[in-house]
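Structure, as structure tokens:
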Amino acid sequence: MAQPRIIIVGGGFGGLAATKALRKAPAEIILIDRTNHHLFQPLLYQVATSALAPAQIGFPIRGILRKQKNTIVIMGEVTGVDKHQKSISVSDADRRNMPIAYDYLVLATGATHSYFGRNEFEKFAPGLKNLADAVATRNKILQAFELAEAEEDPRRHRDLLTFILVGAGPTGVEMAGALAVLVKTTLKSNFRRINPASARIVLVDMASRVLAPFSEHLSQAAKQRLENLGVEVRLGHGVDQIDDDGVVVAGERIASKTVIWTAGVAPSPAGKWLNVETDRAGRVRVQEDLSVSKHPEIFVIGDTAAFEQDAKPLPGVAQVAIQQGRYAGRLIHSRIKGAKQPAPFRYFDMGTMAVVGRGFAVLQSGKIKMSGFVAWLIWAFVHLHFLATRSLRLSVFLHWIWAYVTGQRGSRLIVNHHAFPAVSEAVDEAVKGAA
Ligand SMILES: Cc1cc2nc3c(=O)[nH]c(=O)nc-3n(C[C@H](O)[C@H](O)[C@H](O)COP(=O)(O)OP(=O)(O)OC[C@H]3O[C@@H](n4cnc5c(N)ncnc54)[C@H](O)[C@@H]3O)c2cc1C
């Protein structure tokens with residue numbers, strides 16, 4: 001008898017955990033991702049601020065699964081699901097909307113950033129969701145210092161060296177802290193006309209405090225730490241406008257050439273593909289076994305699923321995705337074997353953390369609430385533990401120690417084929433003229 005086919009869409013935290021949980025299943029597993037790598041998103045901000053290189057937080061999915069013989073990895077973009085025909089559509093560089101049939105389907109397609117209906121902001125304030133975003137942000141930040149150093153008029157330095165982060169959740173706070181460390185330590189003595197430490201870093205949020213998911217006390221500790229690092233924290237007003245010249249907050253224009261979006265998230269379009277009930281954000285409402293209503297063969301997990309536990313929706317964090325992935329994998333395995341099915345899914349909350357600059361983090365786990373160096377050590381240990389491979393763990397560990405001791409960061413390359421758009425346009429014009 002042919003083995004059942006399980007398609008898992010997404011090689012992020014949830015999809016990878018589901019695939020690994022099926023390693024002994026007598027099934028043909030196909031893991032599809034639009035990229036060729038698994039990405040450790042919690043450290044994206046470190047790539048964006050030159051603390052780590054892209055290859056230190058991403059690893060080829062087929063490399064991670066090289067020993068899992070029942071699994072095929074395909075790089076492709078899933079564009080739809082026909083739940084009645086039990087097939088998905090996949091496009092790649094060569095083919096459009098290729099149908100692939102499944103017996104079981106796991107959708108773990110994550111989330112992207114949301115501009116809360118102001119999509120026109122995206123052009124001026126890129127977000128941070130994948131490696132390409134992180135490298136683009138790194139280019140933008142480093143280029144601002146290059147432009148300022150080349151500028152002879154010191155009156156223009158202030159605008160060029162103003163960095164605005166929109167959104168004071170964990171990503172915004174972590175970015176702001178890392179940026180402050182970059183300008184104060186790593187870039188020290190690298191420039192002659194400008195003083196990088198004079199850079200202005202502004203963190204804006206309409207909420208009344210930073211790190212809203214944390215307790216009031218920890219959020220105050222994080223704000224204090226940011227201010228000690230020289231970050232200007234502006235709360236209680238969102239941005240009204242973002243354009244080429246900066247932002248407008250509560251009627252005041254703040255001139256800047258570098259605005260970074262670190263606010264809201266929107267789920268992948270899995271709810272639209274399935275045409276099923278979603279929550280207000282568009283996340284698919286799943287049953288207590290993570291399957292979709294009336295379709296016990298389809299599971300939705302991680303950031304793209306809406307699951308309520310004790311009358312509260314689970315947060316969009318890596319631990320939720322990993323635990324849901326493991327659960328969905330085990331459940332499918334037990335069904336294939338005809339074994340007893342696991343009890344309904346229950347999330348075990350191991351706590352939340354955010355790092356604020358070098359050697360300082362806030363940590364909240366049940367009744368435990370702490371901030372400072374010990375919290376940072378725990379943060380570092382946990383993040384190393386969850387990196388995808390041993391080689392990444394070793395590389396990041398050594399890099400962090402080196403950076404902690406010397407203040408130096410190795411990944412400060414501007415990798416941009418269009419570094420000088422004006423020059424490229426002039427060259428293009430000249431080529432056209434000559435033709
Ligand atoms: C900047 C940032 C910082 C974060 N920090 C933390 C943190 O400190 N702690 C924490 O717990 N969580 C953090 N998170 C959230 C955490 O990363 C997510 O909750 C987690 O990644 C969700 O896992 P997932 O499997 O649902 O989705 P993801 O890990 O996002 O994986 C989705 C995968 O699906 C693929 N995909 C998407 N659409 C398609 C398609 N149509 N076809 C094929 N492939 C597709 C993507 O390429 C991706 O590989 C952070 C997120 C970001 C962006």
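As the structure lists them, so they are numbered: ligands from 1, and atoms in each ligand from 1. Every heavy atom of this structure was used, including side-chain atoms; hydrogens, water molecules and symmetry mates were not. Note that the numbering runs from 1 along the sequence shown for the chain.
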What part of [X], side chain from CB on, backbone N/CA/C/O, both or neither, has a heavy atom under 4.0 Å from ligand 1?
| X | answer |
| --- | --- |
| Trp273 | side chain |
| Ala321 | side chain |
| Thr171 | side chain |

Discussion item. Do the side chains of Asp310 and Arg346 get close enough for a salt bridge, i.e. N-O under 4.0 angstrom?
Written reply: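 A salt bridge links Asp310 with Arg346.
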Considering only non-hydrogen protein atoms, determine which one is nearest to [atom] and report residue, atom name and distance to 0.1 Å.
| atom | answer |
| --- | --- |
| atom 44 (N) of ligand 1 | Arg34 N, 3.1 Å |
| atom 15 (C) of ligand 1 | Gly316 O, 3.6 Å |
| atom 8 (O) of ligand 1 | Pro42 CB, 3.6 Å |
| atom 49 (O) of ligand 1 | Asp33 OD2, 2.6 Å |
| atom 37 (C) of ligand 1 | Thr109 O, 3.2 Å |
| atom 25 (O) of ligand 1 | Gly14 N, 2.8 Å |
| atom 18 (C) of ligand 1 | Asp303 OD2, 3.3 Å |
| atom 20 (C) of ligand 1 | Phe13 CD1, 3.6 Å |

Would you confirm whether [X], through its side chain, and [Y], through its main-chain N or O, come within 3.5 Å as a donor-acceptor pair?
| X | Y | answer |
| --- | --- | --- |
| Arg209 | Lys223 | no |
| Thr49 | Tyr45 | yes |
| Arg412 | Leu142 | no |
| Asp103 | Arg5 | yes |
| Asn139 | Thr137 | no |

Going by the closest heavy atom to [atom], which one wins out of [options]?
| atom | options | value |
| --- | --- | --- |
| atom 32 (C) of ligand 1 | Gly302, Ala108, Gly10 | Ala108 |
| atom 27 (O) of ligand 1 | Gly80, Ala17, Gly12, Gly110 | Gly110 |
| atom 51 (C) of ligand 1 | Gln46, Glu77, Gln41, Met353 | Gln41 |

Worksheet item: Would you say Pro170 contacts ligand 1, with heavy atoms under 4.0 Å as the rule?
Response: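 In this structure, Pro170 fails to qualify as a contact of ligand 1 - no heavy atom is under 4.0 Å.
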Worksheet entry | Pair Thr185-Arg358, side-chain donor/acceptor within less than 3.5 Å |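 No.
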Discussion item. Please evaluate residues Leu314 and Phe345 with respect to the criterion side-chain contact (heavy atoms from CB on, under 4.5 Å), reporting the C-alpha separation (whole Å), side-chain torsions for both, the decisive distance (0.1 Å), and the verdict.
Written reply: CA-CA 12 Å; Leu314 293 184; Phe345 174 76; 3.9 Å; yes
If we only count N/O pairs under 3.5 Å, is [X] in contact with ligand 1?
| X | value |
| --- | --- |
| Val78 | yes |
| Glu174 | no |
| Ala318 | yes |

Sub-4.0 Å atoms of ligand 1 with respect to non-hydrogen atoms of [X]:
| X | answer |
| --- | --- |
| Leu128 | 1 (C), 53 (C) |
| Gly76 | 42 (N), 43 (C) |
| Val317 | 10 (C), 11 (O), 12 (N), 19 (O) |
| Lys129 | 53 (C) |

Worksheet item: Just wondering, are more than 12 heavy atoms of other shown residues or ligands nearer than 6.0 Å to CZ in Phe397?
Response: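 Not more than 12 within 6.0 Å, no.
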Discussion item. Taking the six-membered ring for Trp, are Phe163 and Phe145 closer than 6.0 Å centroid to centroid?
Written reply: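 Ring centroids of Phe163 and Phe145 are less than 6.0 Å from each other.
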Worksheet item: Relative to each other, are the rings of Tyr115 and His113 parallel, tilted or perpendicular (30° and 60° limits)?
Response: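 The rings of Tyr115 and His113 stand perpendicular, inter-plane angle above 60°.
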Worksheet item: side-chain contact (heavy atoms from CB on, under 4.5 Å) between Val396 and His383: does it pass, once the steps are laid out?
Response: CA-CA 10 Å; Val396 171; His383 281 66; over 6 Å; no
Worksheet item: Which one of Phe373, Phe360, Trp400 satisfies the ring pair (Phe, Tyr, Trp, His ring centres under 6.0 Å) criterion with Trp379?
Response: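 Among Phe373, Phe360, Trp400, the one that satisfies the ring pair (Phe, Tyr, Trp, His ring centres under 6.0 Å) with Trp379 is Trp400.
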